[in-house]
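Atoms within each ligand, like the ligands themselves, are counted from 1 in listed order. We count residues from 1, following the sequence as given. In this text the structure is predicted, and so the values were computed from the model without any measurement.
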Amino acid sequence: MSVATLEIQELKPGFGAEIFGVDLHQAAAADRAAAVDVFQRHGAILLRDQKLTPEDLETFVASFGHPEDHTLKEFTLPGHPKVYILSNRTENGKPIGAHNDGVGWHTDYSYKAEPVMCTMLYAVEVPPEGSDTLIADGCAAWKALSPEKQAQLSSLKLHHSYQHFMATRQYGARELPEEIKRANPDVIHPLIRTHPANGRKALWPSTGTVIEVVGMPNPDGLELVDELVEFMTREQFVYRHKWKVGDLLMWDNRCTLHTGTLYDDTKYFRTMYRLWARGDRPY
Ligand code: SIN
């Protein structure tokens with residue numbers, strides 16, 4: 001199959017790409033493959049004005065890799081276990097999705113041995129203000145560090161813990177059932193990650209799941225992580241996405257951090273579908 005050439009425009013200089021002229025509901029396999037190619041080179045892709053069924057979303061995410069399961073199953077779309085609902089809506093007094101799930105800078109599944117490669121968010125309904133999603137470019141942040149700082153950071157490793165994250169998170173903190181704890185043991189990942197598709201290095205810290213820099217006692221270790229997250233999420237490295245219904249945004253978790261932002265949930269509803277494609281062991 002030949003890879004089509006797509007019309008694109010960077011989301012911000014040097015990072016991300018909006019893809020034009022592709023309707024994912026009926027896209028040819030060659031167009032989907034071309035979108036994957038753009039994604040691998042740009043760190044994030046955006047396609048606007050899409051009208052997609054859950055099956056369309058499943059087909060598209062499968063172009064990137066094996067669709068990944070969700071740690072918690074309660075908010076998956078009925079009949080579509082790979083589609084996770086983010087929402088502040090309730091039905092019959094029960095939430096239909098996780099609310100404010102992605103608020104706080106992080107990279108998805110960082111608490112797994114093989115974190116997800118990409119995250120896909122599809123906007124079903126969005127508030128007219130607030131609820132932007134921000135994506136920070138870890139490659140640009142890495143390149144902006146001095147050679148001395150790069151040398152100091154190169155071999156550091158971070159200890160990530162799902163249990164810690166779920167016990168301490170600002171929104172949705174909870175005690176986990178024993179089987180979920182057993183299925184999610186702590187993991188160690190490099191602070192500087194190499195992208196397997198393009199060889200580029202990225203600063204790859206996170207908040208929430210990180211409990212220490214291996215071999216560096218706290219508070220120094222966590223202060224270093226905070227310093228690096230603050231650096232990487234400066235405006236110069238960040239793309240801010242303002243949502244419209246029908247937007248499909250995907251980012252590469254191997255070289256970015258992202259965060260959701262708050263909105264007035266007493267006035268507005270926000271419902272998004274989230275899908276993941278499986279990743280590999282960071283190095
Ligand atoms: C996420 O972090 O997975 C979701 C971000 C958002 O809701 O904007």
task: Give the numbers and elements of all ligand 1 atoms closer than 4.0 Å to a heavy atom of His106.
output: 2 (O)
- prompt: With a 4.0 Å cut-off on heavy atoms, is Thr259 touching ligand 1?
  reply: no
- prompt: What residue and heavy atom of the protein are closest to atom 7 (O) of ligand 1, and at what distance?
  reply: Arg270 NH1, 2.8 Å
statement: For Leu86, the ligand 1 atoms with a heavy-atom partner under 4.0 Å come out as 4 (C), 7 (O)
field: Residue among Lys112, Arg254, Arg193 satisfying salt bridge (charged side-chain N to carboxylate O under 4.0 Å, His left out) with Asp280
entry: Arg193
query: How are the rings of Tyr273 and Tyr122 set to each other: parallel, tilted or perpendicular (split at 30° and 60°)?
result: tilted
Which segment of Val103 sits under 4.0 Å of ligand 1 when only heavy atoms are counted: neither
- prompt: Where is the nearest protein heavy atom to atom 3 (O) of ligand 1: which residue, which atom, and how far?
  reply: Arg274 NH1, 2.8 Å
query: Can you check whether Lys82's main-chain N or O pairs, donor with acceptor, with Trp276's side chain at less than 3.5 Å?
result: no
query: Between Thr119 and ligand 1, is there a nitrogen or oxygen pair with a distance under 3.5 Å?
result: no
message: Main chain of Pro95, side chain of Thr90: is a donor-acceptor contact present, judged purely on distance under 3.5 Å?
response: no
Ligand-residue contact atoms, ligand 1 with His258, heavy atoms, under 4.0 Å: 1 (C), 2 (O), 3 (O)
message: Under a 4.0 angstrom heavy-atom cut-off, which atoms of ligand 1 come close to Thr133?
response: 6 (C), 8 (O)
Asp220 side-chain N/O to Pro217 backbone N/O, donor-acceptor pair under 3.5 Å: no
- prompt: Within the distance-only criterion (no hydrogens, no angle test), does the side chain of Asn198 pair as donor or acceptor with the backbone N or O of Gln40 below 3.5 angstrom?
  reply: yes
task: Please determine which of Thr71, Asn184, Asp186 meets the side-chain hydrogen bond (donor to acceptor under 3.5 Å, both in side chains) test together with Tyr111.
output: Thr71
